[in-house]
Amino acid sequence: MSSPLAALFGRELRIARSVGGGGAMGVVFFLILVSLTPFAIGPDLNLLSRIGPAILWIAALLSTLLGLDRLFQADADDGSLDLFIMSSTPLELVVLTKCAAHWTLTALPLIAAAPLLGLTLGMEPAALAGVAASLLAGTPALTLLGAIGAGLTAGLRRGGLLMAVLILPLTTPILIFGVASASAASGGTVPFHTPFLILCGLSLMAVAGAPFAAAAALRAREA
Amino acid sequence: MPQTEVRPPKTQILQGISAKALRVDRGGRAIVRGVDFEMRAGEALLVLGRNGAGKSTLLRALAGFLSLREGEVRLNGGAAEATLAEQAHYVGHADGLKAALTALDNLEFWARMLKGAAGAGLSPEGALEKVGLARVGDFPVAYLSAGQKRRVALARLFVAPRPIWLLDEPATALDVGSQAKFAEAMAAHRAGGGFILAATHAPLGLVDAKELRLDAVRPREAGDAA
């Protein structure tokens, strides 16, 4: 059972690494967004370090969704999706594996880059660790929620914007608890683990539910 | 599913397919209705009809991409609990190949993804040789011609053996020599107890194939597009 999924995971990584695969696009977009913000806000270090976690989280949210509309679109266009439906591996597991590969390619470099970029925003070490930890716990939920939108828009031309419009409102709780736990790490009245555990819970809920929703959307694509 | 692997292979042989009163809707309109057919191991069924008669729709419904509105498909024998889609190969208009990967990588992936209960098939190298593409195995698919891509897609039929072949215009872009080779492969598949359902306008070289005419079985409805 694990062999088809391992093959799928490896294929996704190879495609992203190849020319035009867009593997590094998310983290480059993240870098640009975060480095542009201080130009817009001005060189007020106190203000920047206070809103730093929010900037990093918004940038992570947008760059995670950036490449996600292609998650199933490419497979729908070249007929691979049809063959996934015919394989004896459940489509839900195929969705989960594709999300895991996408997360590894997009979110993981972003989590590694976030503390470095946080330094440019004048954030304290505790806050940097808090942002990295909250992104690690929260980005799986972003990827999986986005997969539902990607599944719904897989049959449409230019469905990328529609997918963002559908999914962005649903990411509100993840954003709230993500920024809350990142801010709580550098002090405040709320202990770090309270919003952090809720964030973990949101990600676990997404892991449990989103593959079914996305697979159902993919199956209903043609009806 | 460890039980299906230790089961003796005899019980897994698919002996027949029977479809009764199939109806498939698309966009709220009946595209295929009242289709019946019976097949036994080794038989081929040519699905014929004018453009828009529902040939592709019927094959896509059998492959499990579209749900049947009415009717049922029964399998006689075959791997327990396996649906028709899990015992079938589908070759349609899209080749299911990633342009950035090599032909061998593509085939290796589908071999692992689609491998069924029927046991191991040809190696990806062997399958490419069978379709006459052994030399371009390490080429990215993007550089192959349309006919070569189709031959790589057909090589998928040999790396993961499945008893039912659902072929939608399989000979598109194939040259005469490849068509003859593919006709031989189809004959060998039927001789081994396989099933072939093909929608086509061009002759495929299938001997004693049954015919299913979709124009004849589908009553015209008011409001249908011509």
Residues of residues 90-98 of chain B with a heavy atom under 4.5 Å from any heavy atom of chain A, in residue-number order, are B/Tyr90, B/Ala94, B/Asp95, B/Gly96, B/Leu97, B/Lys98
May I ask you to test the A/Leu117-A/Phe30 pair for a side-chain heavy-atom distance under 4.5 Å?
yes
So, taking the atom named NZ in B/Lys55 and the one named CD1 in B/Ile31, what distance separates them when rounded to the nearest 0.5 Å?
12.0 Å
Keeping A/Thr153 on the side-chain end and A/Leu156 on the backbone end, is there a donor-acceptor pair under 3.5 Å?
no
Those residues of residues 67-76 of chain A that come under 4.5 Å of chain B on a heavy-atom basis, listed by number, are A/Ala74, A/Asp75
Identify, with sequence neighbours excluded, every residue that meets salt bridge (Lys or Arg N to Asp or Glu O under 4.0 Å) alongside B/Arg151.
B/Asp175
What's the spacing between B/Leu58 CG and B/Leu62 CG if we round to 0.5 Å?
4.5 Å
Winner by heavy-atom pair count (cut-off under 4.5 Å) against chain B, out of A/Asp78, A/Leu81, A/Ile85:
A/Asp78
B/Arg33 side chain to B/Glu70 backbone, donor-acceptor under 3.5 Å
no
May I have all residue pairs that pass ring-ring contact (aromatic ring centres under 6.0 Å, His included) and include part of residues 130-158 of chain A, sequence neighbours excluded?
none
Selection from B/Leu101, B/Asn106, B/Leu84 maximising heavy-atom pairs under 4.5 Å formed with chain A:
B/Leu101
Structural part of B/Ala153 lying under 4.5 Å from a heavy atom of chain A:
neither
Among B/Ala99, B/Ala85, B/Pro140, single out the residue with the greatest number of heavy-atom pairs under 4.5 Å to chain A.
B/Ala85
Rounded to the nearest 0.5 Å, what separates atom CG in A/Leu108 from atom CG in A/Leu135?
11.0 Å
Once you round to the nearest 0.5 Å, how far does CG of B/Leu197 lie from CG of B/Asp168?
11.5 Å
Main-chain N/O of B/Leu66 paired with B/Arg60 side-chain donor or acceptor, under 3.5 Å
no
May I ask you to decide if the ring planes of A/Phe84 and B/Phe109 are parallel, tilted or perpendicular, using 30° and 60° as cut-offs?
perpendicular
